[in-house]
Structure formats: C-alpha cells, structure tokens
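Because the structure is a prediction, the values reported are computed rather than measured.
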Amino acid sequence: MENGLFNALCSKAKNGKTIYHSWRELFQERKDEATMLVLQLFIDMTGFGYTVADTDLALLMEDDPHPLENNITTSSQDFFQNGTFVANFSRFWQHAIVHQWKELLSGNDWFNKCVMLVMLLCRSKTDECAMVGSFICADLVPHLCAAHHNLLNDMERAASWQGNQRKSSLKKKEYYIDQVCQALSTEIGNGFKYAKLSGLLMEKLCEAFVTYPDLLILTHGQLELLGAGLRWKQRQSVQLALKCMKQLMSDSFSSDINNAAGIFILKMENQLTRIMDSYKSSETAILHLFLEALNTVGNIPLCEETAEKIIHKMFNPDEAVVNAAIDLHGMYHAAIHPSAEVEMNALIAILDVYERYAYPLASFEAVIKKLWIKGFFRKLDELFQMLLDAMDTPANAGFIASCIAHTISYCHRLLMEDIRMKISPSSDNVNWSFMRKRMQSFVANYPKCLNAASRTPNIYNLLLNCMSPANNELYRFAEVDCEAYHEEVLFNILSKVALDECSYPVLFQTLTTIYSFDTIAHISEDVWNELTEKYYTLFFHTRSRLRSYNLGIDKKLMESYSNAITRLCVLIEINNTSEHVFTLAEYLANDLRLLPKMNLSDESIGIFYRLYKNALYAVVQCCLAALPSDNPTAGIKYDQLGKRVQAFMGVLVEQLDGGQQSPFTVSSHVANALCNMLILTQETADPSQQTGSIKQHMMYRVEPEVLAKLSAYIEQHVFGGGVESDAKSSCLLAQKLMLATYNDVYRLHLALPRQSDTCAIVKYYGENALFADELEQLLSIVYGKDPKEFFSLVAHVVMDYCKKTNINAKVKKFLSNLKQFAKKCLAHENEEEYLTNIIQSVIGQSLEQVFTINGVALNVIEKLFTIMKPLVAPLPLENRKAINLFIRQHPNFASYMEDENSELRTILKSFLKILKK
C-alpha cells in the first residue's frame with residue numbers, strides 16, 4: 001500500500017480482501033495513518049491532486065469542515081468504468097463493516113471521519129466530488145444493512161439475558177448504524193443526475209432494497225430514492241428501478257413490503273407515465289406495476305391524464321401492452337362509476353381519444369376485439385341504448401354514433417366467428433349459454449335500433465352489415481327463430497324503409513339486403529315483388545301528372561318524381577322482374593329531352609342518368625333472352641332505340657366537360673352510367689354475329705377524346721382530394737366502386753382505340769394504398785390487352801414525373817412498385833425481360849423528348865439515367881446487350897454522339913459503360 005489504497009485496489013482483480021487485511025494490520029498499529037489512507041482513497045477517487053494532511057483529521061470532526069474542501073484543486077480521474085476497482089472497493093468495505101462489525105462499532109472514530117468526508121463530498125458543488133460521494137454512499141449502505149442484520153441476531157440472543165446493560169449497549173449500536181445508514185442513504189439521490197454513474201448507483205440501491213427491504217423500506221422509508229433515480233430518466237436506471245419495483249410487489253416479500261411498494265408506485269404515477277412516453281420498451285412493465293399496485297392497495301382512481309394515456313396504449317401493436325391497458329381502463333371506470341355504467345363510460349372514453357387523435361379504424365377494431373375477448377359486452381343492450389341516445393343528441397349524431405354503430409356491427413361479426421369456431425368442429429366444452437345470451441341480446445335490440453337508424457344513412461348502413469344470409473345457420477345454432485326474426489326485419493322494417501326512404505345510399509343498402517335473402521327466406525321474394533309493383537306504379541302515376549305548365553314549377557311534384565326515379569334506379573340495378581321496363585325506357589327517353597326544364601337537383605339528375613342506363617340494360621337483357629314468340633319485345637323499333645342511345649351517350653359525354661367540379665354524389669352516378677353504357681354499346685369484332693339483334697343498333701364508336709376526358713374525370717373524383725379518401729369516409733367504398741367500374745371499361749370493351757389514357761390513374765400506383773387492389777387490377781388489364789402499350793404507358797408516367805419536382809424519390813418509388821407488381825400479378829412473366837422492356841421504353845421516350853419544346857431538361861435526363869443504373873447493373877449480360885443495342889439503334893443516337901461537347905453524349909457514354917460491365 002505504499003502507493004495508496006486507490007492504486008492497490010486498481011492493481012489486481014479479486015484482491016479486496018487481501019488489501020483490507022493489510023490495511024487492518026496497519027490500523028492496529030497506527031490508527032491515524034490507516035485512517036488517513038482511507039481518506040486519501042476517497043480524495044484520489046475524485047481525481048483531484050490533494051494529499052490529506054494530519055490537520056485534516058481535526059477539521060473533519062469540526063462542525064464546519066469546509067476548509068478542507070477549499071484545498072481540493074482541479075484534476076480528473078474516472079474510476080467508474082474500472083470494474084476491478086469497483087469490485088475490490090466493495091469487498092474492502094464488506095470486510096471492514098460486515099465481517100468486523102463488532103470491532104467497527106466499538107471503535108468507530110476512524111469510521112466517523114470517513115463518513116464525515118463522504119458527506120462533505122456529497123454536498124460539494126464540484127461534480128467529481130459529488131459523484132464520488134454518492135458512489136461511496138451507495139456502496140456502504142448495503143454493508144451497513146448487513147451489519148445491522150448481524151446486530152439484530154445478537155439482540156435476539158440478548159433478549160433472553162438478564163443483564164440490561166448488555167441490551168442497552170446493543171440498542172445504542174443499533175441506533176448508531178441506523179443514523180449512519182440513513183445519513184448516507186439520503187445522499188445517494190444526488191448522484192442519479194450523472195449519466196455515467198446513474199446505472200451503477202441504481203444497481204447497488206436495488207440490490208439493497210431487495211436484500212434488506214424491512215430495514216430500508218419499512219424502518220428507514222428510503223423507497224423514495226427510486227423516485228430520485230427515475231426523475232432523471234436514464235435508460236439503465238429506469239430499467240433497474242422497474243425491475244426492482246416488480247420484485248418488491250411479488251409474493252416473495254411480505255404484504256407490508258407489497259403495500260409500501262404499491263403506495264410508492266401510485267405516488268409516482270405521473271413520473272412513471274412520462275417514462276412510458278419516453279421509453280416505449282417500458283410500457284408493459286409500468287402498466288403491470290399499476291395493475292399490481294391497484295390490486296394490492298385497492299382500486300384507487302388514477303388521475304385523468306394518466307387514464308387518457310392508458311387509453312392511448314390500447315392502440316399499441318404490442319398485445320401485452322393492450323391487455324394491461326384494457327385491464328387498467330376497466331379498473332379506472334369501475335372505481336368512479338356504478339357497475340352498470342362501467343362499460344358505457346369506458347367505451348365513450350375510448351371513442352373520445354379515438355376521435356381526437358384520429359387512430360386508424362383497424363386499430364379501433366383491434367381494441368374492440370380485445371375488449372370482447374376480455375368479457376366486455378356480455379350483453380349488447382347497453383351498446384344499442386348508447387346508439388339510440390347518441391342519435392337523439394345532435395352533437396353526437398356524427399362521429400360517436402357512427403363509432404358505436406361500427407362497434408355493434410363488429411361485435412356481431414365477432415359473435416358469428418365465435419359460433420362458427422365452436423361448431424366446426426363441434427366441441428363439448430362450448431359455453432352455449434353465454435353465446436345464446438349474447439345472441440338473444442342482439443336479436444332483441446337490433447330491429448328497434450335499425451328502424452331508428454334509417455334516418456341516418458351512415459349508421460343505418462353500418463347496422464345493415466349485420467344482415468347476411470350466410471349467418472342463417474349460425475343463428476339457428478344459437479337457437480334463434482330465424483323465420484320470425486327475418487320476417488320482423490325484412491317485412492316490418494326493411495320493406496317500410498324501402499317505401500319511405502328516398503336516400504340513394506339507404507335504398508341501395510336496403511334493397512341489396514332484401515334481395516340477398518331471396519334464396520333462404522320466402523318472405524324476401526314477396527317483399528321484392530311488392531316493392532317492384534309499388535315503385536313502378538308510383539313512377540307512372542307521378543309521370544302522368546307532369547304537364548308543360550307544372551314541369552319544373554310544382555316543387556312537390558318534382559320531388560315526387562325525384563323520389564320515384566331514385567327508388568326505381570336502385571331496384572332495377574339490383575334485379576328487374578317487371579315487363580314495365582320497356583314502358584319505363586320510353587318515358588325516360590322523352591324525359592331526357594325535358595331534363596333541363598325539370599329543375600331537379602344535381603344528384604337527382606345523376607340518378608336519372610343511372611336509371612336510364614339501368615333501364616336500357618334491362619331492355620337489352622329482356623330482348624336477348626326473349627323467344628321470337630314472346631310478346632314483351634314485339635313492336636320495339638330498334639332503329640329508334642339506337643338513335644335514343646346515341647343521344648343519351650352524347651349527353652353523358654357532355655357531363656365530363658366541367659363535371660370535375662361536381663359533388664361526388666353526382667359524379668359517382670355519371671361515371672357509373674357512362675362506363676356501363678360504353679360497355680353496353682361497344683362495337684363487336686364481328687358485327688355479323690349480331691345482325692338483326694338489338695345490340696347492333698346500339699353500337700357507339702368511342703373517340704380517344706372521350707377516354708381522355710373520362711380518365712381526367714375519374715382522377716379528380718377518386719384522387720383529386722375533393723372527397724376525404726380515408727378509411728373513415730363514407731365515400732371510400734363508392735370511390736373504390738367508381739374506380740372498379742372504370743377498370744371494367746378496359747377489361748370488357750373490345751374495341752377501345754387506345755389504353756394510354758389510363759396513365760392518369762396508373763401514376764397513383766404505390767402512392768395511395770387505399771386503392772391498391774383497383775390500381776393493380778387496372779395495370780393487369782392493360783398488360784393483358786397489350787404488353788407493348790403497358791410499357792409505353794409506364795414510360796409516359798415516368799416522363800411526367802420528370803417534369804415535376806422531387807424526381808428522384810417519385811421515379812424510384814414508381815419503378816420499385818412496378819417490380820413488386822410484376823412479382824405479385826405477373827408471376828408467369830420473365831422478370832428480367834419485364835424490367836428490360838420498362839427501361840427500354842423509358843429510354844426511348846426520354847431521348848425523343850429531350851430536345852422538344854415541352855421536353856425534359858438535360859439535368860433531369862441525367863438524374864433519370866442515374867436512377868436506372870442500379871436497375872440495369874444486376875440484369876443478365878444478354879438483357880444489357882439488348883438495352884445497349886436499343887440505344888444505339890435510336891434514330892438520333894449518332895447525332896447525339898457526334899458533338900463532343902454535348903451533355904447528352906456524356907450521359908449516354910456513362911450509361912453505356914454500365915451496360916458493358
């Protein structure tokens with residue numbers, strides 16, 4: 001120890017015990033010298049170059065030892081990363097305090113001086129001193145606890161002795177240890193603000209709490225030290241503290257310790273919540289700590305801020321986090337609401353967060369599913385009542401009511417899945433009683449709620465999703481009287497809605513549902529026939545009242561006309577069973593001329609176009625299916641019908657001019673009518689096959705300008721941003737249907753002049769995930785019809801991107817998406833050939849446009865070729881040769897390469913070099 005204790009403890013691993021015994025021998029001979037060695041050790045740990053003098057021993061025992069602090073001057077020493085020193089230091093004090101505890105307590109003057117210096121270091125304004133002080137405190141406290149434990153064993157043995165003097169002496173020693181231990185423990189907290197020390201302090205502190213919980217937690221009340229460590233949010237310290245709290249809450253510890261830890265956790269509620277936000281990996285641990293604390297201490301309501309943060313955790317992808325958050329959410333509302341109102345208020349709180357923070361619908365459904373699995377919604381009565389109340393409250397009629405309706409619909413789907421899972425294969429352990437109660441609760445409340453929701457289209461349509469003939473057998477397994485139930489819903493509710501409602505979305509959903517039950521419920525056919533008769537009668541009656549003097553003037557009459565065409569439009573589009581359709585088509589042909597004078601709303605005009613289209617489809621279907629002896633088609637003048645169709649097509653095409661600004665409720669009908677009419681009136685490859693048929697007289701030649709206008713129209717109303725295109729929007733399905741109908745034109749029409757206009761739609765592939773399926777379908781159609789036109793189309797899209805900003809990101813993404821498309825939809829095609837054709841098409845168009853008036857700038861062409869290099873490099877040599885040959889055979893290649901100062905020449909040479917590698 002000639003070089004001091006610090007160097008000795010650093011010199012050799014596992015040498016702390018040996019060094020202690022050497023020091024103890026010195027202490028027994030020269031106490032002051034040995035004491036000064038320990039004090040010097042503390043100073044050396046700070047890294048400050050100061051040598052402890054004899055006079056410092058006296059200073060340490062004075063009330064104001066700060067003159068010693070003034071003698072410490074700046075230097076630097078970092079021992080925290082020295083594992084050998086840390087281990088030896090701890091072992092040294094283990095022997096000094098624990099193994100020699102009796103000797104320490106009988107002659108503790110040297111130890112008091114050491115404690116005084118440690119306290120001085122802890123309270124120093126110098127960081128190095130404060131760190132060393134906190135470290136020493138954290139190391140000494142566990143050893144003092146161990147000494148206290150040894151002392152307690154002695155006190156237990158002394159309890160049977162007669163001598164009070166011995167008992168009193170032991171009590172004084174216990175008091176001394178307690179005082180020193182508390183004094184040192186209090187100073188540990190200041191060290192947590194130092195990042196490099198925080199983890200080491202927390203590790204020692206947690207080990208002490210777990211080893212001596214009764215002394216440190218119950219007697220000294222030092223659990224708050226964990227809070228001091230958490231405040232600084234050092235990752236390692238946080239992890240250790242959370243682990244420690246979890247241990248203290250376990251069954252391995254007494255109920256008193258569990259209770260103290262639980263109270264501390266709840267006391268640190270806000271701090272722990274903030275840590276959850278800072279470290280996502282801590283979410284599960286902290287939520288479970290809250291759960292264990294509440295289960296131990298009692299269901300004490302958490303603060304509102306924490307309760308809301310817990311709701312956010314329900315939308316987490318981690319299943320463990322979601323489960324714990326739901327349990328806490330249920331406990332919170334159970335603590336502040338009567339049991340009958342827990343589910344209702346819990347759901348409203350979730351909906352509030354869902355609305356304000358705009359979480360995805362899929363996340364909301366995942367939360368509902370977890371609630372369902374955990375036993376929420378055992379009976380659906382409350383959900384239905386919540387929906388009725390929300391619809392009666394104007395403020396909630398929108399979002400909240402829609403969410404509750406979606407919840408009911410989703411719960412019904414979960415119930416069907418549960419029943420299906422239990423009956424296939426059948427299981428003897430199925431709790432059918434529980435499922436029946438849920439099913440009976442749904443069946444008892446659904447009709448009334450559906451009827452009330454008919455005035456709110458979005459909610460009504462959500463509830464109608466629960467009506468599906470596919471679930472009929474599942475209902476029977478749950479012992480539902482299906483015939484009575486369907487009669488009540490179909491006849492008493494849906495048929496009345498179909499007769500009273502005038503909203504297109506409500507009518508479409510209602511009639512579609514009625515018609516879907518045609519195969520399993522005889523009542524459906526009766527309802528359909530009755531509606532058909534009444535719809536036609538209403539139209540003809542209303543139409544017969546129209547005169548030149550009231551056309552467009554009598555508002556009630558025109559409203560009745562709008563209602564009549566709306567109902568017939570939906571009915572005929574689903575299924576026409578009436579021969580009156582021929583008469584209807586005659587009336588509509590005349591009304592097309594009168595339409596400008598009727599003063600109908602834009603939506604009603606759009607519905608009129610759609611109705612006329614539906615009527616013409618029904619007429620053609622009847623004519624093609626009729627036998628020569630059948631009466632319905634007799635007397636039809638095909639030439640006249642053909643002229644009317646041409647006039648109708650002209651009107652529809654006119655709607656594309658300026659119609660891009662029309663509301664989606666109008667454009668959806670116009671697009672449907674035009675797209676379907678293009679298919680119906682297409683020219684056939686062999687007109688002789690249809691000589692004398694009705695379709696021969698209805699053929700319409702599609703001009704390229706029409707396709708261009710139609711693409712622009714579809715682009716605006718699907719991708720133009722005029723309608724909110726997200727999963728919550730009620731228009732999303734209609735937009736997808738519009739795009740699918742547009743695709744059908746290119747899929748079913750056999751005589752279109754070109755496909756290039758689809759580039760206005762195709763360019764969104766990969767950018768808009770909501771329409772990914774429809775866009776992939778369109779790409780597949782174009783490729784299937786003409787691969788060459790497909791590659792030309794792709795190149796056209798790339799060149800359009802080159803004329804805009806951020807070319808690199810857009811072109812890279814588009815080309816990457818095209819590669820993914822090929823893997824998914826063109827698996828039978830050679831990937832290298834496919835990519836080669838794309839590159840050749842892009843190069844071809846770029847070289848053609850480079851020097852044109854509206855062409856692409858050379859610096860952009862350079863960027864484009866740079867983007868393609870990584871695509872070209874991995875291609876086989878044969879494909880690279882083909883691209884090389886394609887470039888060299890370009891008509892302008894030779895002229896481009898002649899000019900040695902040409903930038904394009906440099907670009908091409910660089911690209912050709914890649915092809916030769």
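Scanning all heavy atoms of the two residues, the minimum distance from Met558 to Gly552 falls at SD-N, 3.6 Å. Taking each heavy atom of Val527 and Leu490 in turn, the nearest pair found is CG2-O, 4.3 Å. Here the shortest heavy-atom pairing between Met738 and Ser668 reads CE-CA, 3.4 Å. When all heavy atoms are compared, the tightest approach of Leu674 to Leu710 is CD2-CD1, 4.1 Å. When all heavy atoms are compared, the tightest approach of Ser454 to Glu501 is O-OE2, 3.3 Å. Phe814 approaches Lys763 most closely through the heavy-atom pair CE1-CA, 4.4 Å.
Taking the six-membered ring where the residue is Trp, the centroids of His669 and Tyr504 are separated by under 6.0 Å. Aromatic ring centroids of His486 and Phe517 lie under 6.0 Å apart. Centroid-to-centroid, the aromatic rings of Tyr587 and Phe540 come within less than 6.0 Å.
Of the residues Val797, Leu739, Leu775, the one that meets the side-chain contact (heavy atoms from CB on, under 4.5 Å) test with Tyr764 is Leu775.
Taking 4.0 Å as the cut-off between side-chain N and carboxylate O, Lys709 and Asp657 count as a salt-bridged pair. With respect to Lys819 and Glu831, no salt bridge is recorded, no charged nitrogen being found less than 4.0 Å from a carboxylate O. Salt bridge annotation for Arg701-Glu683: present, with a cationic side-chain nitrogen under 4.0 angstrom from a carboxylate oxygen. Using a cut-off of 4.0 Å between Lys/Arg side-chain N and Asp/Glu carboxylate O, Lys736 and Asp773 are scored as not salt-bridged. Using a 4.0 Å cut-off between charged nitrogen and carboxylate oxygen, Glu473 and Arg476 count as a salt-bridge pair. The pair Lys555-Glu559 does not meet the salt-bridge criterion, since no charged nitrogen lies less than 4.0 angstrom from a carboxylate oxygen.
For the residue pair Gln755 and Tyr746, no side-chain donor N or O sits within less than 3.5 Å of a side-chain acceptor on the partner. Counted by atom type alone, Ser604 and Ser601 present one or more donor-acceptor pairs between their side chains at under 3.5 Å. Side chains of Tyr561 and Asp591: a donor on one and an acceptor on the other come within 3.5 Å. No side-chain donor-acceptor contact under 3.5 Å links Glu774 and Tyr742.
In this structure, the side chain of Ser792 does not engage the main chain of Lys788 through any donor-acceptor pair within 3.5 Å. Within the 3.5 Å criterion, the main-chain N or O of Asn672 finds a donor-acceptor partner in the side chain of Asn676. Judged by distance alone, with hydrogens and angles left aside, the side-chain atoms of Ser841 form a donor-acceptor pair with the main-chain N or O of Asn837 at under 3.5 Å. Ser711 places no side-chain N or O within 3.5 Å of a backbone atom of Ala708 that could act as its donor or acceptor partner. Of the possible polar contacts, one joining the Tyr446 side chain to the Leu463 backbone as a donor-acceptor pair under 3.5 Å is found. Side chain of Gln682 to main chain of Tyr700: no donor-acceptor pair is present (N/O by atom type, distance under 3.5 Å, no hydrogens or angles). Here the side chain of Gln735 pairs a donor or acceptor atom with the backbone of His717 at under 3.5 angstrom. Judged purely by atom type and a 3.5 angstrom limit, Arg567 uses its side chain to pair as donor or acceptor with the backbone of Leu499. Listed for the His406 side chain is no donor-acceptor partner under 3.5 Å among the backbone atoms of Ser402. With hydrogens and angles disregarded, no donor-acceptor distance shorter than 3.5 Å links the side chain of Asn550 to the backbone of Leu546.
Surrounding CD of Glu483 are at most 12 heavy atoms belonging to other residues, nucleotides or ligands under 6.0 Å away. Within a 6.0 Å radius of NE2 in His749, more than 12 heavy atoms belonging to other residues, nucleotides or ligands are found.
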Residue pair Glu829, Tyr783: steps toward the side-chain hydrogen bond (donor to acceptor under 3.5 Å, both in side chains) verdict: CA-CA 11 Å; Glu829 298 290 343; Tyr783 187 88; 3.2 Å; yes
Criterion side chain to side chain contact (heavy atoms under 4.5 Å, CB included) on Thr566 and Cys502, from CA distance to verdict: CA-CA 7 Å; Thr566 301; Cys502 308; 5.7 Å; no
Chi angles and distances behind the side-chain hydrogen bond (donor to acceptor under 3.5 Å, both in side chains) call for Tyr460, Gln509: CA-CA 9 Å; Tyr460 177 78; Gln509 193 81 353; over 6 Å; no
Step-by-step salt bridge (charged side-chain N to carboxylate O under 4.0 Å, His left out) determination, Arg610 to Glu573: CA-CA 9 Å; Arg610 190 165 187 160; Glu573 185 156 327; 2.9 Å; yes
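Aromatic ring orientation, Phe821 versus Tyr765: perpendicular (interplanar angle above 60°, classes split at 30° and 60°). Between Tyr485 and Tyr475, the ring-plane angle classifies as tilted under the 30° and 60° cut-offs. Ring geometry for Trp528 versus Tyr515: interplanar angle of 30 to 60°, hence tilted.
Residues Leu592 and Tyr609 are in side-chain contact: their nearest non-hydrogen atoms beyond the backbone lie under 4.5 Å apart. The side-chain heavy atoms of Ile514 and Leu531, taken from C-beta on, include a pair separated by under 4.5 Å. Looking at heavy atoms from C-beta onward, Phe539 lies in side-chain contact with Leu588 at the 4.5 angstrom threshold. The side-chain heavy atoms of Val670 and Ser662, taken from C-beta on, include no pair separated by under 4.5 Å. Counting heavy atoms from C-beta on, the side chains of Tyr617 and Tyr612 never come closer than 4.5 Å. Residues Leu511 and Tyr535 meet the side-chain proximity criterion, which asks for heavy atoms closer than 4.5 Å. For the pair Asp786/Phe791, no side-chain contact is recorded, criterion being any heavy-atom separation below 4.5 Å from C-beta on. With a 4.5 Å cut-off on side-chain heavy atoms, Leu584 and Ile572 count as touching.
Phe608 CZ to Ile565 CD1: the interatomic distance, rounded to the nearest 0.5 Å, is 7.0 Å. Taking CG of Leu737 as the start and CG of Asn743 as the end, the distance is 11.5 Å to the nearest 0.5 Å. For the atom pair SG of Cys759 and CE of Met799, the computed distance is 13.0 Å after rounding to the nearest 0.5 Å. One finds the CG atom of Asn472 at 9.5 Å from the CE atom of Met467 (value rounded to the nearest 0.5 Å).
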